[in-house]
There are 2 protein chains.
Amino acid sequence: MGEDWTARFAALEGMAPGVRDTLRARSSVATLPAGAQVFGPGRKAENLLLLLEGTVRVQQLSAEGREIVLYRIHAGESCVLTTACLLADESYSAEGIAETRAVAAMIPRAAFDDLVATSPEFRQFVFQAYARRIAELFATIEEIAFRRLDIRLAQKLLELAPAGGVLRTTHAQLAAELGSAREVISRQLGEFQRRGWVELSRGEVRLADRAALAALAATP
Amino acid sequence: MGEDWTARFAALEGMAPGVRDTLRARSSVATLPAGAQVFGPGRKAENLLLLLEGTVRVQQLSAEGREIVLYRIHAGESCVLTTACLLADESYSAEGIAETRAVAAMIPRAAFDDLVATSPEFRQFVFQAYARRIAELFATIEEIAFRRLDIRLAQKLLELAPAGGVLRTTHAQLAAELGSAREVISRQLGEFQRRGWVELSRGEVRLADRAALAALAATP
DNA sequence: GGCCTTCGGTGACCTCGTCACCGAAGGCCG
DNA sequence: CGGCCTTCGGTGACGAGGTCACCGAAGGCC
């Protein structure tokens, strides 16, 4: 915590010194273990999070126990959407889970409010984050409604796979990513394997032919 | 325009006089005809809209010409989501259409920015609108992904039908409401008609048994 | 009345989700 | 080590929903 975390946050780069001073003075840096619930239905958070390291998965849990991944917060992004609920005193139905060890700056509600009031750049930063997330949600709705599942699965595999090309995840988790069912994902992955595009083993998917997957993912 | 429109806007009721003075002084009231595009991909709006009368339909247009209705802005609500894009200088893929004649207060970007800076209540108002809309979008995603179409159709019919129970709309429009296909809606409406729940004629759906539709809509 | 556009109905077929099972893989513990 | 339990994935059958191709009916417009 001794170092200046505001220097590591690209979006704050160009901000007036006063903003960064306020952030440094009035916020703290927290580390969350992988798997920790960052926010959720039963949790009354009081901080805006700026994610410095790691990723946070935001997912919606349905009443019948089904779940769907809505989006991810990556390092360098803020969690404004969920914070709006806190600022507005609204309860929240979705939850955020740290997928890896995550390091985040926690900005107390009052400090956030002050920054929004005093800094035009900070306002711009906040509204830009909103705008992008909303556009992303719109795109997600369109994809779920209209895009074929094999295409979406190929996209998701490419999006989630690390450099090595070995994705450690279960078919059930992939189904939750896409709002689909486990059996359907199993069958579709089986088809991909038959074509030599992936290799399957328990708990992992190895991408064997990224180009072929990308070609499918790019079909209009 | 001579009257004080801020008095008609419930959310502004409790605000400090200064806020309402600013709104009155720096904004104008515009009337839009039914069918007018309020905002859209090719349109660079410069105003935040507070809708005083009428409704605005927000829909996403896909590249292949398909469309899906995302949500509606009703009288008494603001259009913050789309405004975020303007404030953040982001381009916008969705469009807003006035469904009826619509009367809206137009707040210039600079005035909106000032209000967010100076009034804590106005900030709360803005963030609350965001939070609600986002929660609604999350719920929409869940419904599209998991809810049966007959249930969603029954819900939509009840939501859209006026007091008389006669809905003037085409099957294709209903399909766009639900992100489905025209043929599927036709078949489903045919089934509802066979059960005596609706009566169909060209360009209209008459709700004959609201209770039955509500019962279906309420199935978990 | 003739023409054109929009609207809705239909059958065939494909994709996707659901249900019911079952076996295989891996962890745990005696 | 063997036995047990949980998680994971594979499968067949079927139902719901989307797509394609086509066609006739309704209404608007000369």
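Because the structure is predicted, anything quoted here is derived from the model rather than measured. Here is how names work: the chains are called A, B, and so on, in the same order as the sequence lines, proteins then strands, and each is numbered from 1.
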Would you kindly give the [atom1]-to-[atom2] distance between [X] and [N], to the nearest whole Å?
X	N	atom1	atom2	value
A:L149	D:dT19	CG	C1'	16 Å
A:E191	C:dC16	CD	P	11 Å
A:R147	D:dT19	CZ	C1'	16 Å
A:L167	D:dG9	CG	C1'	16 Å
B:I144	D:dG17	CD1	P	14 Å
B:L178	D:dG17	CG	C1'	13 Å
B:R168	D:dA26	CZ	P	16 Å
A:I151	D:dG18	CD1	P	16 Å

Side chains of B:Q60 and B:E67: do they bring a donor and an acceptor to under 3.5 Å?
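Absent: no donor and acceptor within the cut-off.
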
Presence of salt bridge, [Y] and [X], under 4.0 angstrom:
X	Y	value
B:R72	B:E177	yes
B:R147	B:E142	no
B:R202	B:E204	no

Which residue, B:E204 or A:R148, contacts DNA chain C at a nucleotide closer to its 5' end, judged by nearest heavy atom?
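So the residue in question is B:E204.
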
Tell me, please, whether A:W197 has A:R195 positioned over its six-membered ring: NZ or CZ under 6.0 Å from the ring centre and within 45 degrees of its axis?
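Checked: cation-pi criterion met.
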
Watson-Crick/G-U partner (both atom distances under 3.5 Å) of [N]:
N	answer
C:dC28	D:dG3
D:dA16	C:dT15
D:dG24	C:dC7

Compare side-chain N and O positions of A:S180 against OP1 and OP2 of C:dG17 and report whether any pair is under 4.0 Å apart.
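Result: yes.
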
Under 4.0 Å between a side-chain N/O of A:H171 and OP1 or OP2 of D:dT7, yes or no?
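No, because none of the side-chain N or O atoms of A:H171 sits under 4.0 Å from OP1 or OP2 of D:dT7.
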
For DNA chain D, whose closest nucleotide is more 5', that of A:A145 or that of A:R194?
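Upstream on the strand: A:R194.
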
What class does the angle between the rings of A:F122 and A:F125 fall in, given that below 30° is parallel, 30 to 60° is tilted and above 60° is perpendicular?
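Aromatic pair A:F122/A:F125 classed tilted.
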
For B:R109, does the CZ atom have more than 12 heavy-atom neighbours from other residues, nucleotides or ligands under 6.0 Å away?
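Above 12, so yes.
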
Counting only heavy atoms and a strict 4.0 angstrom limit, can you tell me which residues of residues 181-190 of chain A come near DNA chain D?
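Contacts with DNA chain D under 4.0 Å: A:R182, A:E183, A:S186, A:R187.
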
Record whether the side chain of A:R202 comes under 3.5 Å of the base of D:dT7 through a donor-acceptor pair of N or O atoms.
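Indeed, a donor on one side and an acceptor on the other fall under 3.5 Å apart.
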
Name the nucleic acid region contacted by A:R152, choosing base, sugar-phosphate or nothing; use a 4.0 angstrom heavy-atom cut-off, strictly under.
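No contact at all - A:R152 keeps every heavy atom at 4.0 Å or more from the nucleic acid.
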
